[in-house]
Amino acid sequence: MKKLMKEKTNFVADMLKGIEIMDDAVEIISENVVVRKNLKTKGVALVSGGGSGHEPAHAGYVAGGMLDAAVCGEVFTSPTPDKILEAIKHVATDEGVLLIVKNYAGDVMNFEMAQEMAEMEGISCESIVVRDDISIENIEDRRGVAGTVLVHKYAGFLSDNGFNLADIKSRTETFIEKIRTIGMAIYPCLVPTTGQYGFDLKENQMEIGIGIHGERGIYQEDIEPIDEIIKRLMHELEKEISDKTLIVMINGMGATPDSELAIVSHYFNEYAKENELNIEKYLIGNYMTALDMQGFSITLVPYDDEYRDAFDAPTESKYFV
């Protein structure tokens, strides 16, 4: 296995020490908890996290205008409740804490336990669960994927604009119901802690509907030109979103070169023109990755002036552009 690391057992710990060097606005207060150095004294605090391997999510969004803390579990493994509680206690304000959780069993269970412990200590705490991955038919079972980053930004915007905890929870839950994402891969990710690929994929094939933890997709197909791949993904997305005016995120899965993301963006824009879609805003880059998976996902959000304002609002994160 070729990875730029020392010991696989120290993969996340070493990564976090490096993040502290790369971003002098954050600090690591324990093994797995990343917090803003300049903690806010008013407004609802935002905490998210999950297994590592999705960088820049979630530590890269610990910044003004977005998260106040991120809890980073081992690779593709939920952080423990005690670490989540530590993050909550460190950043909590008098106005409370909102937990932003991706819909995976371990994350949901551990964040719920941490919330209960925080409430027992007198901290006002609420949680929301992101489930934007349409490759799973049952809405309640859908995974939280790239759309989670948009929730970080929207909730941060609401907090900065003085909304209370109940309002932020309600408004972000409404927002989550509108987000739809689907992804694909031409190469799976190699998990450093196991030395195994997430799934097998023949050289001439692609996987449609992948998850962000190396999960298989809904089907494999011979690889096609990018315009045909976009048609496939949009065929699935447009079953659920009929709006013609949209905000679009094109998200790289970790090993997709910027040149290829640019090509994806070009042909998506051609598709939008041909199908009379009005794209009010593009977000293009690596937002929610799966280690070194090569592929991309498309996230659609029906346009709303407030959402546009939220995504355009300033943030200190260098990864949300």
Side-chain angles (χ1 to χ4, degrees), residues 44 46 48 50 54 57-58 61 65-67 98-104 107-108 126-161 163-184 209 211-212 218 230 233-251 265 268-269 271-272 275-285 287-288 296-313 315 320:
V44 175
L46 306 177
S48 190
H54 308 302
H58 298 277
Y61 305 120
M66 295 187 75
L67 299 177
L98 180 70
L99 306 179
I100 302 171
V101 188
K102 301 190 303 301
N103 192 30
Y104 298 91
D107 285 359
V108 172
E126 295 284 356
S127 63
I128 54 174
V129 178
V130 185
R131 38 173 70 88
D132 58 310
D133 183 1
I134 67 166
S135 65
I136 295 175
E137 186 174 356
N138 184 355
I139 292 176
E140 292 302 311
D141 294 334
R142 287 180 172 177
R143 303 171 292 210
V145 287
T148 308
V149 179
L150 301 181
V151 178
H152 294 165
K153 189 65 172 65
Y154 180 54
F157 169 78
L158 295 176
S159 176
D160 285 352
N161 280 276
F163 287 87
N164 64 33
L165 181 57
D167 283 342
I168 297 176
K169 175 181 171 68
S170 174
R171 293 168 81 96
T172 51
E173 285 181 330
T174 298
F175 176 57
I176 286 167
E177 291 173 1
K178 299 178 181 181
I179 308 170
R180 296 292 187 272
T181 300
I182 191 169
M184 64 81 62
I212 56 171
I218 47 179
I230 288 168
L233 300 183
M234 289 300 291
H235 174 72
E236 301 299 330
L237 287 165
E238 289 174 334
K239 291 177 183 178
E240 305 207 11
I241 291 186
S242 58
D243 301 68
K244 292 291 187 179
T245 304
L246 300 163
I247 295 169
V248 176
M249 172 187 277
I250 297 174
N251 171 63
S265 304
F268 181 93
N269 200 51
Y271 177 92
N275 290 272
E276 299 182 337
L277 301 179
N278 178 25
I279 311 304
E280 286 287 337
K281 184 174 182 63
Y282 277 109
L283 293 158
I284 301 165
Y287 292 94
M288 176 74 75
F296 70 98
S297 62
I298 299 173
T299 301
L300 303 184
V301 179
Y303 180 78
D304 183 283
D305 285 343
E306 184 182 57
Y307 300 158
R308 174 65 183 259
D309 290 345
F311 300 149
D312 285 346
T315 175
F320 192 95

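By convention here, the first residue in the shown sequence is residue 1.
- Atoms CD1 and CD1, on Ile250 and Ile298 in that order, are 6.0 Å from each other to the nearest 0.5 Å.
- Using a 4.5 Å cut-off on side-chain heavy atoms (C-beta onward), Lys281 and Asp312 make contact.
- The two atoms that bring Lys169 and Ser127 nearest to each other are NZ-O, 2.7 Å, heavy atoms only.
- Between Asp243 and Lys178 there is no salt bridge, since no side-chain nitrogen of the basic residue lies less than 4.0 Å from a carboxylate oxygen of the acidic one.
- If you check the side chains of His58 and Lys102, you find a donor sitting under 3.5 Å from an acceptor.
- Using a 4.5 Å cut-off on side-chain heavy atoms (C-beta onward), Leu150 and Leu283 make contact.
- Side-chain atoms of Asn278 and Tyr303 form no donor-acceptor pair, as typed in the model, at a separation below 3.5 Å.
- In this structure, Arg143 and Ser135 have side chains that are in contact, with non-hydrogen atoms separated by less than 4.5 Å.
- Note that CG of Leu98 and CG of Leu67 are 10.0 Å apart. Values are rounded to the nearest 0.5 Å.
- Using a distance-only test at 3.5 Å, with no hydrogens or angles considered, a donor-acceptor pair links the side chain of Lys153 to the main chain of Ala313.
- For the pair Ile139/Glu177, no side-chain contact is recorded, criterion being any heavy-atom separation below 4.5 Å from C-beta on.
- A heavy-atom distance below 4.5 Å is found between the side chains of Tyr271 and Leu277.
- Separating the CG atom in Asn275 from the CD atom in Glu238 is a distance of 6.0 Å, to the nearest 0.5 Å.
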Side chain to side chain contact (heavy atoms under 4.5 Å, CB included) assessment of Glu126 paired with Ile168 | CA-CA 10 Å; Glu126 295 284 356; Ile168 297 176; over 6 Å; no
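- Taking each heavy atom of Val149 and Met66 in turn, the nearest pair found is O-CE, 4.0 Å.
- Listed for the Arg308 side chain is a donor-acceptor partner under 3.5 Å among the backbone atoms of Glu280.
- Residues Asp167 and Leu158 fail the side-chain proximity criterion, which asks for heavy atoms closer than 4.5 Å.
- Counting only heavy atoms from C-beta outward, the side chains of Val145 and Asn251 never approach each other to under 4.5 Å.
- Looking only at distances, a side-chain donor or acceptor of Asn103 sits under 3.5 Å from a matching main-chain atom of Arg142.
- Taking the six-membered ring where the residue is Trp, Tyr154 and Phe175 present tilted rings, their angle falling between 30° and 60°.
- The distance from the CG atom of Asp160 to the CZ atom of Phe163 is 11.5 Å, given to the nearest 0.5 Å.
- Annotation for Asn161 and Phe157: closest pair ND2-O, 2.8 Å, computed over non-hydrogen atoms.
- A perpendicular orientation is assigned to the rings of Tyr282 and Phe268, their planes being inclined by more than 60° (bins at 30° and 60°).
- Heavy-atom minimum distance, Ser48 versus Ile100: OG-O, 2.7 Å.
- Minimum heavy-atom separation, Thr299 to Ala146: OG1-CB, 3.8 Å.
- We find the OG1-CG distance between Thr181 and Asp132 to be 3.5 Å, quoted to the nearest 0.5 Å.
- Between Leu300 and Val248 there is a side-chain heavy-atom pair separated by less than 4.5 Å.
- Nearest heavy-atom pair across Ile212 and Gly144 is CD1-O, 3.6 Å.
- With values rounded to the nearest 0.5 angstrom, Glu240 atom CD is found 5.0 Å from Ile134 atom CD1.
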